[in-house]
Asker: 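Below: one structure in structure tokens.
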Amino acid sequence: MPELPEVETTRRGIAPMLHNRVPRQVVVRQVKLRWPVPVTALQGWCGAPIEQVWRRGKWLGLSSDHGHVLIHLGMSGCLRIVPADCPVQAHDHVDVVLDHGKVLRYTDPRRFGAWLFTATDPLHHPRLRHLGPEPLSAAFTSEWLARQCSRSRRAIKALIMDSRVVVGVGNIYATEALFRAGIHPARGANTLSKRAVSRLVAEIQAVLAAAIEQGGTTLQDFTRPDGHPGYFAQALQVYGRAGQPCPRCGTLLHQQQIAQRSSVFCPVCQPL
DNA sequence: CAAAGGTCCTGCTCGC
DNA sequence: TGCGAGCAGGACCTTT
């Protein structure tokens, strides 16, 4: 499910229900996520009101006087606020029971997600320490991306999906941004002109901002914490449309594996 | 059987 | 030959 827009949509959905609420208990039904869930630390975190519900890249943070819970949704993770008597389903791995009778429930069939805890500065945590700039912040400039491109021969798509270069850009939005910028996903990063890099920065920002505005992309089972779908799927121009005509020139869209991820592109609008 | 929205880790290759 | 950096591929897991 989640790239940056879906994580941000999740954050906005759950934050109002968590702010100033006191977690009373954390129930862990499945310890084996990406890393073992730190059950004891999560229980110790209970008892203090949640002051901040924040996001860094695709990580969500719940911060209180007792420390910081770090949550990653992986490929199939989902967070919702449910009533305390909501029946537990398969893959409902973690509950945070809150003082107002509701529960923050984490569901993740593939278990690529993570729940971590740190008592110290969460941005210094080993998993967050090396993250690159936020794509929608002033720190993500064409100068920055051009510098990263100049020292890499990797495919440009792999580069922009590298969280040390820029956070939050996954397969859907990398595919869309490259189409909008007219850049072939397999182009060597160091072969891009400065102009192409600027265009790419602008398109990454535009596509992410638009997707957040629309509440994220709902494919298969992504729904927002309020149960509504995201509406950005209808705005996708090439992702999931291999074999269909390019929306710009009508040529049939190609699909190929690039950096182990399926990539859709227009061979005419995005020449190699 | 292949593929699905993520990303960490291992081990290879290349250049100094 | 040895070392570090950069990179590709495998790994994790379930569902469709």
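Below, each value reflects all heavy atoms present in this structure, side chains not excepted, and no hydrogens, waters or symmetry copies. Per chain, numbering begins at 1; letters A, B, ... match sequence-line order.
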Asker: Measure the distance from CD1 on Ile160(A) to C1' on dT7(B) and round it to the nearest whole Å.
Answerer: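 After rounding, the reported distance stands at 16 Å.
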Asker: Return a table of donor-acceptor pairs under 3.5 angstrom between the side chains of residues 53-65 of chain A and protein atoms on other chains or two or more places apart.
Answerer:
from	atom 1	to	atom 2	distance (Å)
Trp54(A)	NE1	Ser63(A)	OG	2.7
Arg55(A)	NE	Glu8(A)	OE1	2.8
Arg55(A)	NH1	Gly57(A)	O	3.0
Arg55(A)	NH1	Glu134(A)	OE1	3.0
Arg55(A)	NH2	Glu134(A)	OE1	3.3
Arg56(A)	NH1	Gly132(A)	O	3.1
Arg56(A)	NH1	Glu134(A)	OE2	3.0
Arg56(A)	NH2	Leu131(A)	O	3.1
Arg56(A)	NH2	Gly132(A)	O	2.7
Ser63(A)	OG	His68(A)	ND1	2.7
Ser64(A)	OG	Trp45(A)	NE1	3.4
Ser64(A)	OG	His66(A)	N	3.0

Asker: Return the value, rounded to whole Å, for the distance between atom CG of Leu73(A) and atom P of dT14(C).
Answerer: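 Atom CG in Leu73(A) sits about 18 Å away from atom P in dT14(C).
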Asker: Does a distance-only test, which skips hydrogens and angles, find a donor-acceptor pair under 3.5 Å between the side chain of Gln260(A) and the base of dG9(C)?
Answerer: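 Indeed there is one.
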Asker: Classify the side chain of Arg110(A) versus the base of dC13(C) as yes if they form a donor-acceptor pair under 3.5 Å and no if they do not.
Answerer: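 Per atom types, the contact qualifies.
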Asker: Ignoring backbone atoms, test whether Tyr173(A) places a side-chain nitrogen or oxygen under 4.0 Å from the OP1 or OP2 oxygen of dG5(B).
Answerer: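 Checking dG5(B) against Tyr173(A), no side-chain N or O comes under 4.0 Å of OP1 or OP2.
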Asker: Which hydrophobic side chains are connected to Phe265(A), either touching it within the sub-4.5 Å cutoff or through other members that do?
Answerer: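 Phe265(A) clusters with nothing; isolated.
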Asker: Both distances under 3.5 Å, Watson-Crick or G-U wobble: on that basis, could you give the dot-bracket string for DNA chain C, with [ ] for crossing pairs and | for other-strand partners?
Answerer: .|||||||||||.|||
Asker: Report yes if at least one side-chain N or O of His91(A) is closer than 4.0 Å to OP1 or OP2 of dT14(C); otherwise report no.
Answerer: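 No, because none of the side-chain N or O atoms of His91(A) sits under 4.0 Å from OP1 or OP2 of dT14(C).
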Asker: Where the side chain of Lys32(A) is concerned, which of dT7(B), dC9(B), dC13(C) is the nearest nucleotide?
Answerer: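 Ranking dT7(B), dC9(B), dC13(C) by closest atom to the Lys32(A) side chain puts dC13(C) first.
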Asker: Rounding to an integer number of Å, can you tell me how far His93(A) NE2 sits from dC12(C) P?
Answerer: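 Roughly 17 Å, once rounded to whole Å.
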Asker: Would you give me the side-chain donor-acceptor pairs under 3.5 Å for residues 27-44 of chain A, sequence neighbours excluded?
Answerer:
from	atom 1	to	atom 2	distance (Å)
Arg29(A)	NH1	Asp92(A)	O	2.8
Arg29(A)	NH2	Asp95(A)	OD2	2.5
Gln30(A)	OE1	Lys32(A)	N	2.9

Asker: When you measure from the side chain of Asn171(A), which nucleotide among dA4(B), dG5(B), dC8(B) comes out closest?
Answerer: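 In terms of side-chain proximity for Asn171(A), the closest of dA4(B), dG5(B), dC8(B) is dG5(B).
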Asker: In terms of the nearest nucleotide of DNA chain B, which residue is placed more toward the 5' end: Arg34(A) or Tyr239(A)?
Answerer: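 The residue whose closest nucleotide sits nearer the 5' end is Tyr239(A).
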Asker: Using whole Å, report how far CG of Asp108(A) lies from P of dC12(C).
Answerer: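 Taking atom P of dC12(C) as the reference, CG of Asp108(A) is at 16 Å.
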Asker: For residues 5-28 of chain A, which residue pairs pass the ring-ring contact (aromatic ring centres under 6.0 Å, His included) check, not counting sequence neighbours?
Answerer: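 Every candidate ring-ring contact (aromatic ring centres under 6.0 Å, His included) pair involving residues 5-28 of chain A fails, so no pair, neighbours aside, qualifies.
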Asker: With stacking defined as ring centroids separated by under 5.5 Å and planes differing by under 30°, is Phe112(A) stacked against dC13(C)?
Answerer: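 The base of dC13(C) is not stacked with Phe112(A) (the test needs centres under 5.5 Å and planes under 30°).
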Asker: List for me each residue that meets side-chain contact (heavy atoms from CB on, under 4.5 Å) alongside Thr175(A), sequence neighbours excluded, and say none if there are none.
Answerer: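 Per chain and number, Thr175(A) pairs via side-chain contact (heavy atoms from CB on, under 4.5 Å) with Lys157(A), Asn171(A), Val238(A), Tyr239(A), Val264(A).
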Asker: Which other residues belong to the hydrophobic cluster containing Val268(A), where Ile, Leu, Val, Met, Phe, Trp and Tyr are joined when side-chain heavy atoms lie under 4.5 Å apart, directly or via other members?
Answerer: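 Besides Val268(A), the hydrophobic cluster comprises nothing; the residue is isolated.
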Asker: So, for Arg180(A) and Arg199(A), which heavy atoms are closest and what is the spacing to 0.1 Å?
Answerer: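 Scanning both residues, the minimum pair turns out to be O-NH2, 2.7 Å.
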Asker: Taking atom C1' of dA4(B) as reference, at what distance in whole Å does atom CD of Glu6(A) sit?
Answerer: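 Whole-Å distance recorded here is 14 Å.
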Asker: Describe the nucleic acid contact of Gln255(A) in one word from base, sugar-phosphate, nothing, applying a heavy-atom distance below 4.0 Å.
Answerer: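 Sugar-phosphate, backbone atoms only, no base.
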Asker: Look at Glu143(A) together with Arg147(A) and state whether they make a salt bridge at an N to O cut-off of under 4.0 Å.
Answerer: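 Judged by the 4.0 Å cut-off on N to carboxylate O distance, Glu143(A) and Arg147(A) do not form a salt bridge.
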Asker: Tell me, which of residues 119-128 of chain A have any heavy atom that sits under 4.0 Å from an atom in DNA chain C?
Answerer: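 DNA chain C contact set from residues 119-128 of chain A: none.
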Asker: Please give, in whole Å, the distance from dC8(B) C1' to Leu70(A) CG?
Answerer: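 Going from Leu70(A) (CG) to dC8(B) (C1'), I get 16 Å.
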Asker: Quick check for you: among dT15(C), dT7(B), dA4(B), whose closest atom lies nearest to any side-chain atom of Pro109(A)?
Answerer: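 Selected nucleotide (nearest to the side chain): dT15(C).
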Asker: What I'd like to find out is whether the side chain of Gln270(A) reaches to under 4.5 Å of the side chain of Leu178(A), using heavy atoms alone.
Answerer: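 Yes, their side chains come closer than 4.5 Å.
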Asker: When the C1' atoms of dC7(C) and dG5(B) are compared, how many Å lie between them, rounded to an integer?
Answerer: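 Result for the C1' pair: 23 Å, nearest Å.
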Asker: Out of dA4(B), dT14(C), dG6(B), which has the shortest distance to the side chain of Arg111(A)?
Answerer: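 From the listed options, dT14(C) comes nearest.
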Asker: Could you tell me which residues satisfy side-chain contact (heavy atoms from CB on, under 4.5 Å) with Pro83(A), sequence neighbours excluded, listed by chain and number?
Answerer: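 Scan of Pro83(A) (side-chain contact (heavy atoms from CB on, under 4.5 Å), adjacent residues dropped) gives Asp85(A), Cys86(A).
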Asker: Please report, rounded to the nearest Å, how far the P atom of dA5(C) is from the NE2 atom of His130(A).
Answerer: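 Taking atom P of dA5(C) as the reference, NE2 of His130(A) is at 12 Å.
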Asker: Using a cut-off of 4.0 Å on non-hydrogen atoms, how would the nucleic acid contact of Trp59(A) be classed: base, sugar-phosphate, or nothing?
Answerer: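 The answer is nothing, as Trp59(A) stays clear of every strand by at least 4.0 Å.
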Asker: Under 3.5 Å, sequence neighbours excluded: what are the donor-acceptor pairs made by side chains of residues 243-260 of chain A?
Answerer:
from	atom 1	to	atom 2	distance (Å)
Gln255(A)	NE2	Ser262(A)	OG	3.0
Gln257(A)	NE2	Gln260(A)	O	3.4

Asker: Out of dC13(C), dA4(B), dT7(B), which nucleotide sits closest to the side chain of Ser262(A)?
Answerer: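 Of the options given, the side chain of Ser262(A) lies nearest dA4(B).
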Asker: For DNA chain B, which residues of residues 140-157 of chain A approach it to below 4.0 angstrom with any heavy atom?
Answerer: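 Those residues: none at all.
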Asker: Go through the structure and list residues passing side-chain contact (heavy atoms from CB on, under 4.5 Å) with Asn190(A), not counting sequence neighbours.
Answerer: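 Checked Asn190(A) against side-chain contact (heavy atoms from CB on, under 4.5 Å); matches are Arg153(A).
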Asker: Shortest non-hydrogen contact from Thr9(A) to Gly216(A)?
Answerer: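 Between these two residues, the closest heavy atoms are OG1-N, 3.6 Å.
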Asker: Whole angstroms only, please: what is the CZ-P distance between Arg261(A) and dA3(B)?
Answerer: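 Value for this atom pair: 13 Å.
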